[in-house]
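Reading through the structure tokens given below for one structure.
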There are 4 protein chains.
Amino acid sequence: MQIIEVAEKLFSLKGFDGASIRDIAEEAGVNLAMISYYFGSKEKLMEAIFEQRMGQVRMRVESMLKDDSLAPFQKMELLIDENIDRIMQRQQFHKILICEQIINKNPIIIKLVNEQKKKNAEVIGELIKDGQKKGVFKKDIDVVLLLNSFFGTLTQTMISKDYYRNFIKIEFQSDSDFEAYLKKRLSKHLKLVFKAILTYEE
Amino acid sequence: MQIIEVAEKLFSLKGFDGASIRDIAEEAGVNLAMISYYFGSKEKLMEAIFEQRMGQVRMRVESMLKDDSLAPFQKMELLIDENIDRIMQRQQFHKILICEQIINKNPIIIKLVNEQKKKNAEVIGELIKDGQKKGVFKKDIDVVLLLNSFFGTLTQTMISKDYYRNFIKIEFQSDSDFEAYLKKRLSKHLKLVFKAILTYEE
Amino acid sequence: MQIIEVAEKLFSLKGFDGASIRDIAEEAGVNLAMISYYFGSKEKLMEAIFEQRMGQVRMRVESMLKDDSLAPFQKMELLIDENIDRIMQRQQFHKILICEQIINKNPIIIKLVNEQKKKNAEVIGELIKDGQKKGVFKKDIDVVLLLNSFFGTLTQTMISKDYYRNFIKIEFQSDSDFEAYLKKRLSKHLKLVFKAILTYEE
Amino acid sequence: MQIIEVAEKLFSLKGFDGASIRDIAEEAGVNLAMISYYFGSKEKLMEAIFEQRMGQVRMRVESMLKDDSLAPFQKMELLIDENIDRIMQRQQFHKILICEQIINKNPIIIKLVNEQKKKNAEVIGELIKDGQKKGVFKKDIDVVLLLNSFFGTLTQTMISKDYYRNFIKIEFQSDSDFEAYLKKRLSKHLKLVFKAILTYEE
DNA sequence: CATGAATGAGTCTTCATTCAT
DNA sequence: AATGAATGAAGACTCATTCAT
């Protein structure tokens, strides 16, 4: 578990090929051979990270979405905030996730990722259908592009965090202060984008 | 020039650390030592790619933005389509661009990228001010988050292209057919998002 | 230890830059990577040789010099023979030592060498003071030039051994016979030189 | 000629294997290919240096030694000072000379060096015979060891110059001041050594 | 069960040299 | 006569993995 934590950190900093298991073993304070011994190989270690991190998704959301006392917009906003929190808390992993979709395409990982994407599309799809039935959402919504805008905005913001912090001329007392500010802005911004996509008729 | 082309391709497929200069030399049909000979080092080769690709940006746009006969919305739509075209034509480079912002962080490259981001923010910033003066755009627009949504949506769509193609149940006769379809959908989607962000008042 | 032995041999034959770790690994019968594995780098291997060889100096001498029953001249002669033996037994190392003082100048090694020189100067300095106090050595002796003559004669003889063997018209039955002859001649010669420097008044 | 000068400098600083013809070409301000073009190869360049530098020896000495009005001791002292000057003026070359006798033993160079040594032995041999005939030098003098002591002292002093300067607690205004001081000390020291070897009976 | 030692394959880079111009 | 471009060989070093203990 500690190995996974260190590996996640180093993979996110240097990439899969850039981080050596030597580095990982050293920083984790374990024997070099133990990584191959426990995980089988470097590739398998990466897979273990993905299994570990992707298995934790969704719990609170599921039940909430079934709650009929909540309006579709409320559910959508909950979903947005929930995911902003989740991703901002696991930035290292999500950096790896992006890179993994571009390079090193390990089939096992790609499969895991696509399953997750499918689940995401299903959840949001149901929510949209519900909203459409209730007449508050418009017809013809491209779920995938909606999700791409959502996750794309989040990841793009995440990887250019430093640039953004430098751009807005506000001084923050600590990193977590800035992080909190960022989440608030993202929340507002993304809710607006969702609202537009879900209701705006050309 | 041919080396740059091959290197761009392999870097986008395997990442900077994953692509060896051996691979690059072989695929480019040149001697292994030629790469160090021409570019000095692997790092410098990467920098050469960035200088090559980032120097080509914008020309038509500049003049167009100064054209007073165009309404802010028209300009904005032109800008969107222009950038969709540009990025979809240079997908390999933009994949590298994303990874480079996450890992390896060569300072020279980061500097180039940040300068480009600044220019982007300035161009869109002027356009927005113009629209606000003319009363067609709302106040208080976060330029950076707007751009993050734009480029984030594009890159997210690009890296999950295969998933998207599989998801929509349409059969395409060729890759370029799908590519064209994708660009049309993206154009429509992003114009909607921009319109919302630029005009929608909560 | 075996690697050090082989490295010493090859460094003395081809020089630091001329001897590749490939050669060393091959001749030592170990894997190429083992040298980096054990020593860290080629430079560190060289440092290891110096630490190994310079740590062994002097032991018998120390006690001998404190022996008050020996006259200064006797001590000096013992010191001369001791050092001739030491250097002739480690000719390979002393060849490296000379080259290292001219080229490559690894600071760690230079430091070790200078410390050794300082110790040598101290030992001989004490001996000289003792002899002066007892009135058998003259005043105003340049310790460093005395040592330079001593070690310079030895090394010069060592590196032009072949020429010397060819010059004197004596046939030797074996290399070790010649070596023994050389040591005897050197001993006589150097004792004469020392005596002159220590007593001869202009 | 300029190439030879630069090559001599770099070979003396980094050794034959450590100095690349790239470095030499760059510092000499000539084309990289010109060195192979003019000299044939790196080895031949080294040979050219030796031919250049060893051809210049002896001119004034020859005539002087035939001068019958000079006593053997006077001739000897002239010879000593002459050679101290010569070597101290060509320190770079003599550093190369030492290394070349230890490593990289190019046969052509070794031949040149041995011829020079033979000439040296002849000249000093004649001088000694003359002195013996005149009854001022003793019998049984080992010419080679005498020369070894002479050149050995000089080279040893040369390569540990910095240590010596640091050891004696005298401050020098300039490098050439120290160099002059060194030559004076060496001259006195070596004349004493010679006198002892040539006259001292055990 | 856990690990220190060892390895072969691979990394990037630099080398002296050559060749067409 | 002189050189820029190009190259094969070799350089030191690091890698993920294995294996005997």
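Below, chain A is the first sequence line, B the second, and so on; all start at residue 1. Predicted model only: the values in this text are computed from it and were never measured.
Scanning both residues, C:I103 and D:K14, for their nearest heavy atoms gives CG2-C, 3.6 Å. Between D:I35 and D:I21, the closest heavy-atom pair is CD1-O, 3.8 Å. Heavy atoms only, all atoms of each residue included: C:Q2 and C:A28 are closest at NE2-O, 3.0 Å. When every heavy atom of C:I159 is checked against every heavy atom of D:I102, the shortest pair comes out as CG2-CG1, 3.6 Å. Closest heavy-atom contact between A:R22 and A:L32: CA-CD1, 3.7 Å. For B:I87 against B:H94, the heavy-atom pair with the smallest separation is CG1-NE2, 3.4 Å.
Taken to the nearest 0.5 Å, the CD atom of B:Q156 stands 5.0 Å off from the OG atom of B:S160.
Other residues, nucleotides and ligands contribute only 12 or fewer heavy atoms inside 6.0 Å of the NZ atom of C:K9. Counting heavy-atom neighbours within 6.0 Å of C:E115 CD, excluding the residue itself, gives a total above 12. The number of heavy-atom neighbours closer than 6.0 Å to CD of C:Q52, taken from other residues, nucleotides and ligands shown, is above 12.
The stretch residues 10-32 of chain C touches DNA chain F through C:A19, C:S20, C:I21, C:R22, C:L32, each having a heavy atom under 4.0 angstrom from the strand. Annotation: proximity of residues 36-48 of chain B to DNA chain E (heavy atom, distance under 4.0 Å) is found for B:S36, B:S41, B:K42, numbered in ascending order.
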**Request:** Using Watson-Crick or G-U wobble pairs with both distances under 3.5 Å, give me DNA chain E in dot-bracket, 5' to 3', with [ ] for crossers and | for pairs to another strand.
**Result:** .||||||||||||||||||||
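Residue pairs meeting the salt bridge (Lys or Arg N to Asp or Glu O under 4.0 Å) criterion with at least one member in residues 100-110 of chain C: none, sequence neighbours excluded. Sequence neighbours left out, not one pair with a member in residues 35-49 of chain A passes salt bridge (Lys or Arg N to Asp or Glu O under 4.0 Å).
The footprint of chain D on DNA chain F, defined by a heavy-atom cutoff below 4.0 Å, extends from F:dA1 to F:dG4.
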